[in-house]
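Below: the structure, in structure tokens.
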2 protein chains.
Amino acid sequence: MMTAEPRVPRRPMRSHARRNYEHLLAQARAAFAEQGINASLEDIARAAGVGIGTLYRHFPTRQALLEVLLHDSFNDLETQARNLIKADPPGEALASWLRILAAHAATYRGLAEALMSTLRDERSALYASCQALHAAGDQLLARAQEAGEARADLDSWELFTLANAMAWASEQRPGTADHTDRFLSLLYEGLRPGMSHTISP
Amino acid sequence: MMTAEPRVPRRPMRSHARRNYEHLLAQARAAFAEQGINASLEDIARAAGVGIGTLYRHFPTRQALLEVLLHDSFNDLETQARNLIKADPPGEALASWLRILAAHAATYRGLAEALMSTLRDERSALYASCQALHAAGDQLLARAQEAGEARADLDSWELFTLANAMAWASEQRPGTADHTDRFLSLLYEGLRPGMSHTISP
DNA sequence: ACCTGAACACCGTTCAAGT
DNA sequence: ACCTGAACACCGTTCAAGT
């Protein structure tokens, strides 16, 4: 008589687990988009049709869930940064990077804040990605400064913080169109009238 | 025989209640300064030496507590706004106002966020004060715009939001000196090099 | 009148039991 | 191996009882 198949991988079970995983991600994405990054995990599990324990099994922390959710965007961002390093003029490349960074931080309410606090916590699941974005900005800034197209006294932490601050600002009037680009251009050009308003002697 | 003094105000009791009130305020101020606006109310009550119920009796909501705590600063701000309306040049008056507003929002961690969300909620205890600040900025902005010293396309909501965003930004690196003024000057002047860097044709 | 703290409510997290 | 949900922990809020 044969023993019960103890070593045969239970394929159906695995694929079922995979499905739970995908459902959880989809529901998390929807919930984060709607209610921000601190949406209830219990609600997400319920919407995905699994127990709360299953959510925790797949994603031991909220950050871990967020990390998976943002993984693709982070890859995109890194590719774009690499391209911008070669793009001209350097000042415009930097401006584009700021816009890309801020738009990303504005994806979910609360994300800008989370990215900033991640930068302070090496153990965070998002730390490496966040650090990489920060470093990319550093290079773009240095190049723009060498070309005389960005203030010489700026540093990359300020730049990263300001991009996130503009995303934060655009969260502050929900229900309206996204203001991130508008705030960025105010930041980039300053609040004083431009040179077109200035009458030269 | 005289009846027991039913109508005599029980002064000692009242002054004791008054003391509790003052202790609560002092401890709340300390806790908010240290841990931000969402510090535990239970801890504040304990530090003040009263039961949690006493805290709730005096301050039915966290916002009510915050409102009393900020009452004097709000008065100061309104006075300063009135003076700035008469100050010259209008562009500098506006810049000063932004600095004052942002410095206030940077008093406690989380305050900038609270002020912004207050502006959306008419029922909030802070709503009137917040609205007044917003209105003061409106006047200062209009005057600076008429003098050609502020971008013509700015509106006062953007201005208020940006001042708070700079306070938010300066919360993002705790343990260092306050960066609010630095961020404000970057915002005001823009990230591009100033005219001193520009070579005219 | 004022204060207290146990009780309640809510939500995030863990883990023993089940398949 | 994977899932479940009751149990636990935590913290903010209320309210019956006490002075």
Side-chain angles (χ1 to χ4, degrees), chain A residues 3-28 31-32 34-69 110 114 117 123-125, chain B residues 3-28 31-32 34-69 110 114 117 123-125:
Chain A
T3 54
E5 68 294 349
R7 291 180 316 168
V8 175
R10 301 170 101 264
R11 292 276 181 209
M13 206 44 168
R14 293 229 168 139
S15 88
H16 189 249
R18 177 109 214 130
R19 280 207 149 175
N20 285 340
Y21 180 91
E22 302 295 353
H23 282 158
L24 280 166
L25 271 185
Q27 293 303 329
F32 285 4
E34 236 175 83
Q35 313 168 41
I37 249 187
N38 294 309
S40 153
L41 295 181
E42 193 118 19
D43 286 355
I44 291 170
R46 198 176 307 122
V50 302
I52 183 63
T54 303
L55 187 152
Y56 277 94
R57 155 171 278 268
H58 286 300
F59 310 103
T61 66
R62 185 182 294 270
Q63 283 250 340
L65 174 54
L66 191 58
E67 205 263 333
V68 175
L69 219 50
S117 79
R123 302 158 317 164
S124 149
Chain B
T3 54
E5 69 292 349
R7 292 179 316 166
V8 175
R10 298 161 112 262
R11 292 278 180 208
M13 205 46 170
R14 293 226 168 137
S15 88
H16 188 250
R18 178 108 213 132
R19 280 206 148 176
N20 285 340
Y21 180 89
E22 301 296 352
H23 283 157
L24 280 166
L25 271 185
Q27 293 302 329
F32 285 5
E34 237 175 82
Q35 313 168 41
I37 248 186
N38 294 310
S40 155
L41 296 180
E42 192 118 21
D43 287 355
I44 291 170
R46 199 176 305 122
V50 301
I52 181 65
T54 302
L55 187 151
Y56 276 95
R57 155 170 278 267
H58 287 299
F59 309 103
T61 66
R62 184 182 294 270
Q63 283 249 342
L65 175 53
L66 192 58
E67 204 263 332
V68 176
L69 220 49
S117 79
R123 301 160 317 162
S124 148

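We name chains A, B, ... by the order of the sequence lines, and we start the count at 1 in each one.
- Under the Watson-Crick and G-U wobble criteria, each requiring two contacts below 3.5 Å, nucleotide C:dT19 is paired to D:dA1.
- One atom, CZ of B:R62, and another, P of D:dT13, lie 7 Å apart when rounded to the nearest Å.
- Going from atom CZ of A:F59 over to atom C1' of C:dT14 covers 18 Å, rounded to whole Å.
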**Q.** B:F32 vs B:L66, side chain to side chain contact (heavy atoms under 4.5 Å, CB included): CA-CA, chis, key distance, verdict
**A.** CA-CA 9 Å; B:F32 285 5; B:L66 192 58; 3.8 Å; yes

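- Atom CD1 in B:I52 sits about 14 Å away from atom C1' in D:dC15, given to the nearest Å.
- Pairing partner, D:dA7: C:dT13, with both Watson-Crick or wobble hydrogen-bond distances short of 3.5 Å.
- The interatomic distance linking A:L24 (CG) with D:dC2 (C1') rounds to 13 Å, in whole Å.
- Interatomic distance, A:H58 NE2 to A:R18 CZ, rounded to the nearest 0.5 Å: 9.0 Å.
- Residue B:T54 has its side chain nearest to C:dT4 when only C:dT4, D:dT14, C:dG12 are considered.
- What separates CD of B:E42 from P of C:dA7 is a distance of 15 Å, to the nearest Å.
- Of the candidates C:dG12, D:dC2, D:dG12, the closest approach to any side-chain atom of A:R57 belongs to D:dC2.
- Comparing C:dT13, C:dA6, C:dC3 against the side chain of B:A17 picks out C:dC3 as the nearest.
- Within the model, atoms CD1 of B:I44 and CD of B:Q35 stand 7.5 Å from one another, a figure rounded to the nearest 0.5 Å.
- For B:L41, the side-chain atoms get nearest to D:dT13 when compared with the rest of D:dT13, C:dG12, D:dC3.
- Put simply, the side chain of A:R62 gets close to the backbone of A:I37: a donor and an acceptor are under 3.5 Å apart.
- Counting only heavy atoms from C-beta on, B:N20 has its side chain closest to C:dC3 among D:dT14, C:dC3, D:dG5.
- For the pair A:G53 and A:N38, nearest-nucleotide mapping onto DNA chain C gives the more 5' position to A:N38.
- Across D:dT14, D:dC3, C:dG12, the shortest atom-to-atom separation from the side chain of A:H58 is found for D:dC3.
- Rounded to an integer number of Å, the gap from OH of A:Y56 to C1' of D:dG5 is 14 Å.
- To the nearest 0.5 angstrom, B:L24 atom CG is 10.0 Å from B:L41 atom CG.
- When the C1' atom of D:dG12 is taken as reference, atom CG of B:L65 falls 14 Å away, rounded to whole Å.
- Rounded to an integer number of Å, the gap from A:L55 CG to C:dT13 P is 10 Å.
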